[in-house]
Amino acid sequence: MTPEPIAARLRSLPVETIQGRKVPVAVGLRARLLGLAGLRREEVGVGLLIPRCSSVHTCGMRFALDLVFLDAGRRVLAVRCGVSPFRVVSFRAADAVLEVPAGQGGEFHWRGD
């Protein structure tokens, strides 16, 4: 089985495990600002975690995203599915946002599950 091609800018990021998935973590201004913008869907792998964040934009996205809003314990607070490019989405209580390709957000378990 061939591993999925992951964009170079995501491979160089540290990793955190969210519900059993190893996810790159956006550290630094560039990684946080760019997120997954400009990448092809097949380059993003399992997505990107943006810590200390409760609002994201989808400017420059080439595909729709599911946004998984997490609390400080990395438990799911809310999921916004199928967010189109050039949108801004917020969830005030969130401590972090996990950006995943549309269709994958439902795979995450809600707080208390």
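Keep in mind that what you see is a predicted model, and the values were worked out from it rather than measured. One-based numbering along the sequence shown.
- Cluster membership for V15 and I18, using ILVMFWY side-chain heavy atoms within less than 4.5 angstrom, is not shared.
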Give every donor-acceptor pair under 3.5 Å between a side-chain atom in residues 95-103 and any protein atom, sequence neighbours left out.
from	atom 1	to	atom 2	distance (Å)
D95	OD2	R74	NH1	3.0
E99	OE1	L36	N	3.4

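- Considering every non-hydrogen atom in both S55 and S90, the closest pair reads OG-OG, 2.8 Å.
- Pairs of residues two or more places apart, or lying in two chains, never qualify as ring pair (Phe, Tyr, Trp, His ring centres under 6.0 Å) while including a residue from residues 10-46.
- Residue A94 comes nearest to L77 through the heavy atom pair CA-CD1, 3.7 Å, listed as atom of the first residue, atom of the second, then distance.
- The heavy-atom pair separating R32 from C53 by the smallest distance is NH2-CB, 4.0 Å.
- V46 places a side-chain heavy atom less than 4.5 Å from the side chain of P24.
- If you chain together hydrophobic residues whose side chains sit under 4.5 Å apart, V25 and L33 never meet in one group.
- Residue pairs meeting the ring pair (Phe, Tyr, Trp, His ring centres under 6.0 Å) criterion with at least one partner in residues 45-91, sequence neighbours excluded, are F69-F91.
- For residues 9-30, the set of pairs meeting the ring pair (Phe, Tyr, Trp, His ring centres under 6.0 Å) definition, not counting sequence neighbours, is empty.
- The side-chain contact (heavy atoms from CB on, under 4.5 Å) check on E43 picks up A7, L39, R40, with sequence neighbours excluded.
- The two residues V68 and V76 come nearest to each other via the heavy atoms CG1-CG2, 3.8 Å.
- Nearest heavy atoms, L67 versus V56: CD1-CG2, 3.5 Å.
- Listed by chain and number, the residues in a side-chain contact (heavy atoms from CB on, under 4.5 Å) with R30 are R9, L34 (sequence neighbours excluded).
- Partners of S84 according to the side-chain hydrogen bond (donor to acceptor under 3.5 Å, both in side chains) rule, which considers only residues two or more places apart in sequence or in another chain, do not exist here.
- Among residues at least two apart or in separate chains, there is no salt bridge (charged side-chain N to carboxylate O under 4.0 Å, His left out) pair with a member in residues 47-68.
- Of all heavy-atom pairs spanning G35 and L48, the tightest one is CA-CD2, 3.4 Å.
- Under the rule for a side-chain contact (heavy atoms from CB on, under 4.5 Å), the partners of T58 that lie at least two apart in sequence or sit in another chain are M61, L65, V83, R87.
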